[in-house]
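The block underneath contains the structure these notes are about, expressed in structure tokens.
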Amino acid sequence: MSKVCDCCGRGPATGNQISHSHRRTRRRWQINLQNVRVDLGAGETRKMKICAHCLRSGKVKRAATVSA
């Protein structure tokens, strides 16, 4: 499973973890991906991996839930 947003293409960030004694080791910050049913328009929906930043900003519109 790739950790990349299908909307903006954002992926994990990398950097250093710094301990109390200031020793540095590499680490990754994962993005907050959500599996979301997205409304693509014209009645078409698709499941996509969308980051929480795109969901909050309104770049992607969630599909309406179907109640049984």
Side-chain angles (χ1 to χ4, degrees):
M1 177 180 146
S2 65
K3 292 277 193 176
V4 176
C5 177
D6 290 332
C7 176
C8 64
R10 194 164 66 112
T14 60
N16 286 321
Q17 178 174 328
I18 303 180
S19 70
H20 179 70
S21 62
H22 214 70
R23 293 179 65 90
R24 290 181 290 271
T25 55
R26 298 300 285 174
R27 64 159 291 183
R28 283 162 56 110
W29 284 270
Q30 301 288 358
I31 63 172
N32 186 3
L33 282 181
Q34 307 290 321
N35 284 322
V36 174
R37 285 184 49 210
V38 176
D39 185 14
L40 299 175
E44 187 181 354
T45 62
R46 185 180 301 158
K47 273 185 137 181
M48 300 172 83
K49 292 187 206 98
I50 305 295
C51 67
H53 186 271
C54 291
L55 286 172
R56 280 195 315 265
S57 65
K59 287 183 183 178
V60 174
K61 186 170 189 260
R62 268 186 204 261
T65 58
V66 178
S67 59

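In terms of heavy atoms, P12 sits closest to R28 at CG-NH2, 3.2 Å. Closest heavy-atom contact between L33 and S2: CD1-O, 4.1 Å. Scanning all heavy atoms of the two residues, the minimum distance from C5 to C51 falls at SG-N, 3.4 Å. The two atoms that bring E44 and D39 nearest to each other are O-OD1, 3.4 Å, heavy atoms only.
Between the side chain of D6 and the backbone N or O of I50, no donor-acceptor pair lies under 3.5 Å.
Under 3.5 Å, the side chains of R27 and N16 contain no donor-acceptor pair of N or O atoms.
The structure places CD1 of I31 at 10.0 Å from CD of Q34, a figure rounded to the nearest 0.5 Å. Atom NE2 of H53 and atom SG of C7 lie 10.5 Å apart (nearest 0.5 Å). Taking CZ of R24 as the start and CD of Q17 as the end, the distance is 12.5 Å to the nearest 0.5 Å.
Heavy-atom neighbours of R23 CZ from other residues, nucleotides or ligands within 6.0 Å: at or below the threshold of 12.
Under the 4.5 Å side-chain heavy-atom criterion for grouping Ile, Leu, Val, Met, Phe, Trp and Tyr, L55 is connected to V38 within one hydrophobic cluster.
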